[in-house]
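Notes follow the structure.
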Amino acid sequence: MSILILMIPMALLFAAGFLWAFFWAADKGQFDDLDTPALRMLVDDDVKILKDKKLIKE
Amino acid sequence: MSKIDPFLNPTHQGVIACQYCGVNCGVSHNLKSNYCCQACEILDKGLTTLNEWDLKSNQKNIYSDYDSDYFYQKYQSQSTPHQFSFLVEGLQCSSCVHLIEKIPEYDSGVNEVRVNFGTGVMTVILNDKGKLSRLMKLIEDLGYKAQLFEEDSGVFQSSLKDDRTDLKRIAVAGVIAAQLMSFAFGIYGGMDGMLLDFFKWISFILFLPIMFYSAVPFYKGALSAIKYRVAHIDLPIVMALWAGFIFSTVNLLRGREEFYFDSTASFVFLILSTRYFVKKIQKKYLAPMNLKSLIKDDFFTLQNGTCITAEQIKVGDVFILKSGQVLPVDVTLLSDRALMNLSMISGESFPKSFSQNMELLAGYRLEMGEIEVKASSHFYNSGLQKYFNKTIETVLGRNLFLNQSDRWAKMLIMGVISLCIISFPVLFYFYGFQESFNRILALLIVACPCALAFGSPLTLSLAYRTAQKKGISIADANVFEKLDQVRSVFFDKTGTLTYGQLELNLSDSSQVDDSMKSIILTLEQVSYHPIAFAFRRAWAETSLDQTMTSVTETVGIGVSGYQGQNYFELKASQDLKDEAIQIGLFKNQEQIASFAFTDRLRPESADVIQKIKNLGLKLFILSGDKKAQVLKVAHEYNIPTTQVYYETSPDQKAQIIQAEPFSLMIGDGVNDAGALSKSFVGISLQGSHLFTVQSATLRFLNGGLTSLIDLFEIKSKSIQTLRRNLGIAIFYNLVSGVFALCGYINPFVAAILMPISTVVILLSTLWGVRE
């Protein structure tokens, strides 16, 4: 059972690591907008509209 | 400014599925194409639309004034240079996001574009070559309307930070609850000796972040509840939390077995997550509404050429108003003549002509040309603005209404707390401290009206979401309860039951041949008058008469021109009747044809009115338009004349509504704003003026009235769910409360039962308001 003395701090460290990662992601704005990315991926990128011809003339 | 022309889509009443993205939309942007938006059409057709597009971008850019340094500095983000925020109207589906975010590919002046679909906010980063005017024109060409707003006006930043903190608190509570659970597993599994003590102390230490980080929002809520002396759900939560913590800590120190770190932790995690979920949904669907009020978007050119915003206009300033612009202040007309559209103010569909030195009021829209005017008021003290301020006050005052389940939850909270205080001495007398404390704690946890407190907001939030999907935007959280009490429905006519746009109404089509059509179209070619548009819509296929010469328009009179020796005029005819707007075609001063114009009824109006009648509601028409016009519509829909009001001023409208309790008003004009704010439930239609939108409780985003039927369906579903939840919650609380007091439920079982009841309510809610 003494292995627990080692395992438990490891589990806790693991959890703390997860929390740190989550905090970091939240601060980076990862969870600010959860709707738009889902829509973004729906449209295929191979629809190259107006790619070769610049619409706006400089 | 909208590119959506309802006349292109006369036959479709129901919902159309977009050919490209499959999104259902009330009105397709263009009947010929069957797409929900221009983005889908462009993406689906690829390059074929390029030529048409190129043409558009060669037109004069009406946004060119935005390129001044003044606007650049004013709207630039404080935190990120060259970053601008826009509120984009008209986002329909994923294609819209895709197309707008592709802008950097074809405008090298734009570095990055990000769209938030939920709030409709577009963030743009420009580079040195970037121009605001070009970007805004481009977005308009793509079929959207973008309005600049100042990002740092506060609303956004703070709510974003709140959101992130909420998430972190939930994450901490979740992780720790999971850890505590696994330790508890070991403890209850018969662990002993030093290892047991070790587990207990680790549980205690792990619990501390929950108490002092995750639970902070509860303390804030409880504190303000005490401060303002109201019963709040946070009060029993904090009591249970601290009771559980102290009890467990004391037992830990005394070496006893009972403690509830794990169950209290999951209790906190569950409540926090539900609350976050509800808050998120509510914020998401209510946000665009609040933002809109921050925008004052138009700008005006002064005599000396400088460009200013509506707020900067001073009394005595002479400025130029362009075609389509709305007067921001009360003014005196300096130009000879002006054709103004008063529909925003009075609901009249036909524009009025004004001559030099006449007073024009804020809210009038210029129909054509350019006029020079002199300001006689400031933006904030124009007659219109004062009227709006009054309206907004009423709107704010209205939100204090407390809804039914809120009251029930409050009563329950007070009941539980007083029950604890009363029964503790009694239990103490019979069973001693340990046992009575146990039972009180169980009662606190088990009878916490969480199910009730979350069930209702969740039901409403999900109902909002369904409503939003169907194009209904909601500004008042109590709207469904209110709808349930509605007894009468008032319709505005112009723009609500009808399109609010003139249409040619030929009684005898044989009298008009093709050559006459082309003469009329050529005469009207130069005109921006609503009648000219009506002619163009009616005879879209007819080509112009190339032989006509010296075609001119005289503002307020009509149009004229020569075909060879013959002099043609198109002007108000002699036999001007009340029913419709009459126009005559004159050949050498002699009338040869006459045309009537009416405002066409929306095709879905009849269906909607019938369904509303079936619901047992009393129908009224409340219009500022002429008697004959209004009665004609009433007759069409079999509405008795006693339930029809015509030629009413905005104030009269408001009075009529005020006199009728539990009334629902639906309208679009500024003249409806007062009535909407006085009504029990007010609804504004798509294309309504900003202030009309603000005074309404609800807003229909899809064109037309079909949303009204959807709204009543969503209402009955959500009210039903609310009642069922209330029933379940009260039953559960009563039964479990009694059991807890009698000692059949210990705090550990209570902590299991509480989430179960919440889950039951959640399931009932999800099932009840499913689409």
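Residue numbers start from 1 in every chain, and the chains themselves are labelled A, B, ... in the order their sequence lines are given, proteins ahead of strands.
Atoms NZ and CZ, on Lys168(B) and Phe31(A) in that order, are 10.5 Å from each other to the nearest 0.5 Å. Thr165(B) contributes atom OG1, which lies 8.5 Å from atom CG of Asp27(A) (distance to the nearest 0.5 angstrom). Taken from CG in Leu12(A) to CD1 in Ile176(B), the straight-line distance is 9.5 Å, to the nearest 0.5 Å. The structure places CZ of Arg164(B) at 13.0 Å from CZ of Phe23(A), a figure rounded to the nearest 0.5 Å.
Looking at heavy atoms from C-beta onward, Phe22(A) lies out of side-chain contact with Val175(B) at the 4.5 angstrom threshold.
Other residues, nucleotides and ligands contribute over 12 non-hydrogen atoms within 6.0 Å of the NZ atom of Lys200(B).
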